[in-house]
2 protein chains.
Amino acid sequence: MTKAPPRRAKIQDVAEAAGVAIKTVSRVLNNEPNVREETRQRVLAIVKKLNYHPSLSARSLAGRRSFLIGLIYENPSANYIVDVQHGAMARCREDRFQLLMHQVTGRGEEMERDVLGLVDQTHLDGLIVTAPLSESVDLMRALDRRALPFVRVAPNDVPHPTPYVDMDDAGAAREMTEYLIGLGHRRIGFIVGHPDHFASGQRLVGYKAALAAHGIEFRDRYVRQGYFVFESGMEAAKELLIQPDPPTAIFASNDDMAAGVLMAAHELGLTVPERLSVAGFDDTYIAKTVWPRLTTVHQPTYDLAYTATNLLLQMLQTGTAPQSMRLGYRLVCRASTAVVHK
Amino acid sequence: MTKAPPRRAKIQDVAEAAGVAIKTVSRVLNNEPNVREETRQRVLAIVKKLNYHPSLSARSLAGRRSFLIGLIYENPSANYIVDVQHGAMARCREDRFQLLMHQVTGRGEEMERDVLGLVDQTHLDGLIVTAPLSESVDLMRALDRRALPFVRVAPNDVPHPTPYVDMDDAGAAREMTEYLIGLGHRRIGFIVGHPDHFASGQRLVGYKAALAAHGIEFRDRYVRQGYFVFESGMEAAKELLIQPDPPTAIFASNDDMAAGVLMAAHELGLTVPERLSVAGFDDTYIAKTVWPRLTTVHQPTYDLAYTATNLLLQMLQTGTAPQSMRLGYRLVCRASTAVVHK
DNA sequence: CATAGCCGTGACAACGTTGTCAATTTGTCT
DNA sequence: AGACAAATTGACAACGTTGTCACGGCTATG
């Protein structure tokens with residue numbers, strides 16, 4: 001009563017049914033030139049009829065490429081990485097590539113070993129490297145040694161011929177700071193992002209630039225180190241707020257930390273935005289779910305990843321490195337910021 | 001000046017260096033019996049020295065398996081799916097399998113086509129199916145037709161020999177409801193989860209059971225349909241709260257909706273937990289970042305996925321279907337619930 | 001002391017594609 | 001019509017593994 005195991009059609013079956021050589025079928029499937037239109041149609045019809053799908057393994061083996069692209073990340077917030085994943089996935093699907101996610105463990109040499117293990121074992125065609133992994137010169141050198149094409153989806157100051165996609169972190173941070181200044185704030189706290197991320201420094205630069213442009217003195221005591229996670233934002237905010245002459249606004253370098261600031265404010269009994277304005281960065285899901293809703297910088301995370309993947313696929317197809325790209329941001333003003341309280 | 005392209009070592013290279021046949025190297029690498037210990041060591045030494053890694057494609061082609069496992073999901077909250085991903089990934093790594101994530105688009109027939117497209121194109125060895133995809137009888141039949149082993153990581157009432165991993169949704173919901181009753185609440189609102197999810201019904205069952213056990217009449221007007229997303233929780237809560245004799249507690253079927261309830265409460269000027277207690281379900285990241293922090297049911301998402309993947313790998317290796325499993329939950333009482341206000 | 005069986009090993013044929021190159025057909029230009 | 005170029009097609013050898021089967025040496029058995 002068990003049904004016969006449904007043997008998979010192979011290229012040979014298609015070729016026979018269409019009365020052509022397997023090579024011709026291969027040509028049709030890969031959109032190679034020099035196939036008569038009539039033949040092409042006949043083959044395609046059979047392919048459909050037999051529900052034929054080429055074997056990825058055989059293709060990889062013969063064609064010397066795996067159609068696999070890796071996406072490596074370290075320890076980002078879930079909301080952020082999911083956007084990245086979906087952006088990269090969407091672009092991969094268009095070209096029938098598959099995406100292999102890989103969360104990297106460890107740092108420094110251990111991280112490097114982890115990544116190289118992935119690369120060596122899976123024979124990836126290319127790699128998408130997110131921050132802060134994209135800032136490791138050692139990793140980039142190791143990838144070069146493997147002759148593995150990769151793109152970076154992150155701001156960056158490491159010189160390398162490989163393209164990257166980023167946004168103007170400094171500009172965005174400056175604009176947000178100026179927005180707060182425009183609301184009358186003069187004592188503006190700033191929570192720096194994780195020190196491993198180049199973007200963290202850039203956002204700080206933007207914050208300082210805005211203060212300078214408006215003749216506001218920069219003070220160390222209004223700045224605290226954070227680590228891009230909720231708890232670090234909460235603790236930094238408490239430190240900022242319990243000092244005399246505390247800030248009337250706090251700008252956190254990402255939304256998770258900004259949510260931590262809100263939590264600190266609630267615990268200290270400071271109403272937001274009446275007594276304290278709070279701004280975030282990234283515009284992830286969390287920004288819309290906390291109360292009050294966060295004013296933040298919208299970062300085009302999905303597009304960043306989509307574009308990076310696009311560049312990578314171009315590299316693979318043309319063999320040359322395309323131009324890096326910079327995508328736009330925009331301020332999203334919600335309910336966590338208001339005119340300074342007198 | 002360009003360094004020679006670092007040609008990848010192949011099994012032949014290893015065999016020659018070790019003075020054995022390629023088949024022997026293959027045996028060593030696959031832990032097959034009948035290799036003298038001395039030979040094994042010699043081969044392993046060479047493998048390490050040459051940094052040899054077998055080609056996945058060649059292995060797949062010859063061995064008729066791809067070492068690829070698919071993980072399909074529909075549209076879950078980011079925090080949830082990331083936990084699932086990492087659980088499955090962790091288990092895959094142990095056996096050198098690779099995980100292919102796939103977000104399914106569409107419903108019904110379109111969903112089915114999408115999944116089958118993935119399966120056909122990639123020649124997966126197995127599939128991890130999350131809710132609510134795991135409840136589609138059609139999909140399961142289609143997978144059977146492809147003779148593709150799969151596991152379900154979700155509660156389920158579809159009879160099928162394939163194993164699944166779940167938790168006691170009804171029991172957990174009942175316990176949470178009883179906890180609220182224990183705090184003195186009698187008018188307890190309930191927001192049902194997405195109707196496509198079997199778990200939604202189970203959680204409702206638990207809620208009703210708790211009411212019944214404590215002689216509290218069940219009333220339709222305290223129940224609203226939600227869709228597992230923030231906005232739906234917010235809207236449902238508003239409807240529940242603007243009626244006369246409104247609930248003093250609201251139990252939402254997941255954390256995202258519970259966060260929506262908090263937002264609604266804030267907008268209506270109801271302080272939580274003084275005037276309204278709120279409980280969620282899942283214990284995802286969001287539960288710790290909203291204010292006040294959510295009382296919720298901890299669902300072992302990571303372990304659920306890890307265990308499911310484990311079962312799948314067992315199936316692949318032994319060829320027989322292992323027992324399904326049920327994992328434990330626990331109530332996490334935080335700041336969003338309190339004794340009923342008089 | 002032969003004999004059957006197991007252990008360790010290797011030769012060689014798959015696996016299902018793509019790349020190369022040669023053969024055949026078609027089209028274009030005198 | 002004949003010659004040459006271009007388009008179309010096919011035969012066959014890779015690609016780097018695993019599966020199958022055969023072979024020789026060794027050990028336990030009768």
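Each chain gets a letter, A, B and so on, in the order its sequence line appears, and its residues count up from 1. Hydrogens, waters and symmetry mates play no part in the numbers below; they use all other heavy atoms, side chains included.
- In this structure, A/R27 reaches the bases: a heavy-atom distance under 4.0 Å links it to at least one base atom across the strands shown.
- In this structure, B/T39 reaches the sugar-phosphate backbone alone: every heavy-atom distance under 4.0 Å involves primed, P, OP1 or OP2 atoms, never a base.
- B/R36 places its CZ atom 17 Å from the P atom of D/dG24, with the value rounded to the nearest Å.
- With a heavy-atom cut-off of 4.0 Å to chain B, the contacted part of DNA chain C has its first and last nucleotide at C/dC7 to C/dG16.
- Judged by closest nucleotide on DNA chain C, A/L61 is the one of A/R65 and A/L61 placed further toward the 5' end.
- With the nearest nucleotide of DNA chain C identified for both B/I22 and A/S26, B/I22 has the one nearer the 5' end.
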For this session: Please report the C-alpha distance between B/R113 and B/E110 in whole Å, then the side-chain angles of each, then the deciding distance to 0.1 Å, and finally whether the salt bridge (Lys or Arg N to Asp or Glu O under 4.0 Å) criterion is met.
Result: CA-CA 5 Å; B/R113 260 198 309 279; B/E110 193 188 331; 5.5 Å; no
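- Atom-to-atom, NZ of B/K23 to P of D/dC21 comes out at 12 Å; the value is rounded to the nearest Å.
- Rounding to whole angstrom units, CG of residue A/N34 and P of D/dA5 are separated by 17 Å.
- Nearer the 5' end of DNA chain D, as judged by each residue's closest nucleotide, is the contact made by A/T24, out of B/N30 and A/T24.
- Contact check for B/L312 versus B/P149: side-chain heavy atoms found under the 4.5 Å cut-off.
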Problem set entry | A/R152 vs A/D166, salt bridge (Lys or Arg N to Asp or Glu O under 4.0 Å): CA-CA, chis, key distance, verdict | CA-CA 8 Å; A/R152 293 163 287 170; A/D166 73 351; over 6 Å; no
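- Two residues are said to be in side-chain contact when any heavy atoms from C-beta on lie closer than 4.5 Å; B/Q98 and A/H102 fail this criterion.
- B/Q121 places none of its side-chain heavy atoms less than 4.5 Å from the side chain of A/F67.
- Partner B/Y52 forms a side chain to side chain contact (heavy atoms under 4.5 Å, CB included) with one of B/D13, B/V47, B/V43, B/I46 and no other, that one being B/V47.
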